[in-house]
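Values below: every heavy atom of this structure, side chains too, minus hydrogens, waters and symmetry copies.
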Amino acid sequence: MNRSDEYKNLAIQGLWKNNPGIVQLLGLCPLLAVTSTLTNAIGLGLATLLVLIGSNATVSAIRQWVPKEVRIPIFVLIIASFVTCVQLLMNAYTFGLYQSLGIFLPLIVTNCAIIGRAEAYASKNGVKESAFDGLMMGLGFLAVLMILGAAREILGQGTLFDGAELLLGEWASQLRIEVMNLDNQFLLAILPPGAFFAMGFLIAIKNMIDDKLAEAKPEKQSNIERVRVNFDAN
């Protein structure tokens with residue numbers, strides 16, 4: 001596989017075929033708990049994306065000097081360092097969102113999607129490929145968070161980008177959209193059980209699309225040649 005094919009395959013795997021959110025089902029705790037609004041989803045998704053790129057690149061750069069017996073604790077230390085950097089940056093520049101995400105921000109350290117990519121890919125491949133793999137996996141995870149956050153916010157509150165000023169500053173309060181007027185909030189969509197239902201629908205839609213694509217794909221003809229064996233020949 002040449003370089004361009006490898007990057008293309010990494011993009012397809014991260015965004016669709018091996019998406020950490022709806023295929024591998026990793027990192028479900030923050031994914032289900034934080035996506036009550038689109039703003040929270042974008043904040044946590046961007047934090048996870050930055051940690052994935054940084055940890056994948058660092059693990060790949062030092063992989064030759066890390067003994068196999070202690071590789072997992074070292075990977076966790078690297079991930080924790082990047083999570084601490086992201087926490088400090090959000091504390092300094094987006095304090096409202098930092099408070100809104102709460103405990104789920106430091107819990108990125110235990111996100112199985114990040115540790116899994118460090119172990120499965122970054123520890124065996126080059127720095128550029130590993131950073132690109134982290135970018136694609138992070139974008140796939142961010143996309144799932146955004147779709148869940150948008151769906152739950154519309155169904156639960158009838159709005160989009162509520163609290164966007166917590167992420168982007170005071171000017172972003174103008175981004176708030178009133179999609180529909182609800183007299184009362186739809187609590188099932190806002191609470192974590194609603195996230196399970198939304199996640200189930202998202203996985204079902206992805207599987208339906210995969211089935212349609214498989215049906216539309218032409219079947220490959222078998223090129224196996226039959227060989228006749230004559231046991232009576234002398």
Original post:
Can you get from L202 to L25 by hopping between Ile, Leu, Val, Met, Phe, Trp and Tyr side chains that sit under 4.5 Å apart?
Top reply: yes

**OP:** Could you walk me through whether E119 and R71 pass the side-chain contact (heavy atoms from CB on, under 4.5 Å) test, one step at a time?
**Re:** CA-CA 8 Å; E119 167 67 13; R71 67 187 186 284; 3.0 Å; yes

Original post:
Pick from V83, L77, V76: which one makes a side-chain contact (heavy atoms from CB on, under 4.5 Å) with I79?
Top reply: V83

Original post:
What is the distance from atom CG of L167 to atom CG of L44, rounded to the nearest 0.5 Å?
Top reply: 11.5 Å

Original post:
Taking a hydrophobic cluster as the set of Ile, Leu, Val, Met, Phe, Trp and Tyr residues connected by side-chain heavy atoms closer than 4.5 Å, whether directly or through intermediates, do W171 and Y93 fall within one such cluster?
Top reply: no

Original post:
Once you round to the nearest 0.5 Å, how far does CG of N207 lie from CD1 of I22?
Top reply: 8.5 Å

Subject >> Residue pair E6, F132: steps toward the side-chain contact (heavy atoms from CB on, under 4.5 Å) verdict >> reply: CA-CA 10 Å; E6 185 173 354; F132 188 76; over 6 Å; no

Original post:
Should F161 and I190 be counted in the same cluster of Ile, Leu, Val, Met, Phe, Trp and Tyr side chains packed under 4.5 Å apart?
Top reply: no

Subject >> L101 and N40, any side-chain heavy atoms less than 4.5 Å apart >> reply: yes

**OP:** For R152 and Q157, indicate whether the former's side chain and the latter's backbone hold a donor-acceptor pair under 3.5 Å.
**Re:** no

Original post:
Got T110 and L107 here, is their nearest side-chain heavy-atom distance under 4.5 Å?
Top reply: yes

Original post:
Taking side chain as C-beta onward, heavy atoms only, is W16 less than 4.5 Å from D210?
Top reply: yes

Original post:
In Å, rounded to the nearest 0.5 Å, how long is the span from CG of L135 to CG of L15?
Top reply: 8.5 Å

Original post:
Going by heavy atoms in the side chains, are V23 and K206 under 4.5 Å from each other?
Top reply: yes

Subject >> Contact summary for E170 and E165, nearest pair of heavy atoms >> reply: CA-CB, 4.1 Å

Original post:
Run the side-chain contact (heavy atoms from CB on, under 4.5 Å) check on L145 and I42 step by step: do they pass?
Top reply: CA-CA 7 Å; L145 283 170; I42 294 175; over 6 Å; no

Original post:
Going through the distances and angles, do L89 and L50 end up as a side-chain contact (heavy atoms from CB on, under 4.5 Å)?
Top reply: CA-CA 12 Å; L89 287 173; L50 292 176; 5.9 Å; no

**OP:** Report whether I78 and I72 are members of the same hydrophobic cluster (ILVMFWY, side-chain heavy atoms less than 4.5 Å apart, transitive linking).
**Re:** yes

Subject >> Common cluster, M136/I12, ILVMFWY with side-chain heavy-atom separation under 4.5 Å >> reply: no

Original post:
More than 12 non-hydrogen atoms from neighbouring residues, nucleotides or ligands closer than 6.0 Å to NZ on K124, yes or no?
Top reply: yes

**OP:** Report yes if the side chains of L32 and F196 come closer than 4.5 Å at any heavy-atom pair, otherwise no.
**Re:** yes

Subject >> Residue pair L49 / G134: nearest heavy atoms and the distance that separates them >> reply: CD1-O, 4.1 Å

**OP:** Heavy atoms only: give me the nearest S123-F75 pair and the separation to one decimal.
**Re:** CB-CZ, 3.9 Å

**OP:** Rounded to the nearest 0.5 Å, what's the gap from CD on E153 to CG on L148? Could you check?
**Re:** 12.5 Å

Original post:
What heavy-atom pair brings A122 and V59 nearest, and what distance separates the two atoms?
Top reply: CB-CG1, 4.0 Å

Original post:
Any side-chain heavy-atom pair from M199 and I203 closer than 4.5 angstrom?
Top reply: yes

**OP:** Might you point out which heavy atoms bring T159 and E178 nearest each other, and give the distance in Å?
**Re:** CG2-OE1, 3.9 Å

Original post:
Would you say the side-chain atoms of S130 pair up with the backbone N or O of A57, donor to acceptor, closer than 3.5 Å?
Top reply: no

**OP:** Can you measure from CE (M146) to CG (L46) and round to the nearest 0.5 angstrom?
**Re:** 8.5 Å

Subject >> Non-hydrogen side-chain atoms of N125 and S60 separated by less than 4.5 Å >> reply: no

Subject >> M180, CE: over 12 other non-hydrogen atoms inside 6.0 angstrom >> reply: yes

**OP:** Identify the residue among I114, I108, L142, L139 that makes a side-chain contact (heavy atoms from CB on, under 4.5 Å) with L52.
**Re:** I114

**OP:** Search all heavy atoms of L168 against all heavy atoms of A172 and return the closest pair with its distance.
**Re:** CB-CB, 3.6 Å

Original post:
Is any side-chain heavy atom of Q24 less than 4.5 Å from a side-chain heavy atom of F141?
Top reply: no

**OP:** Could you grab the distance from atom CG of D162 to atom CD1 of I177, nearest 0.5 Å is fine?
**Re:** 11.5 Å

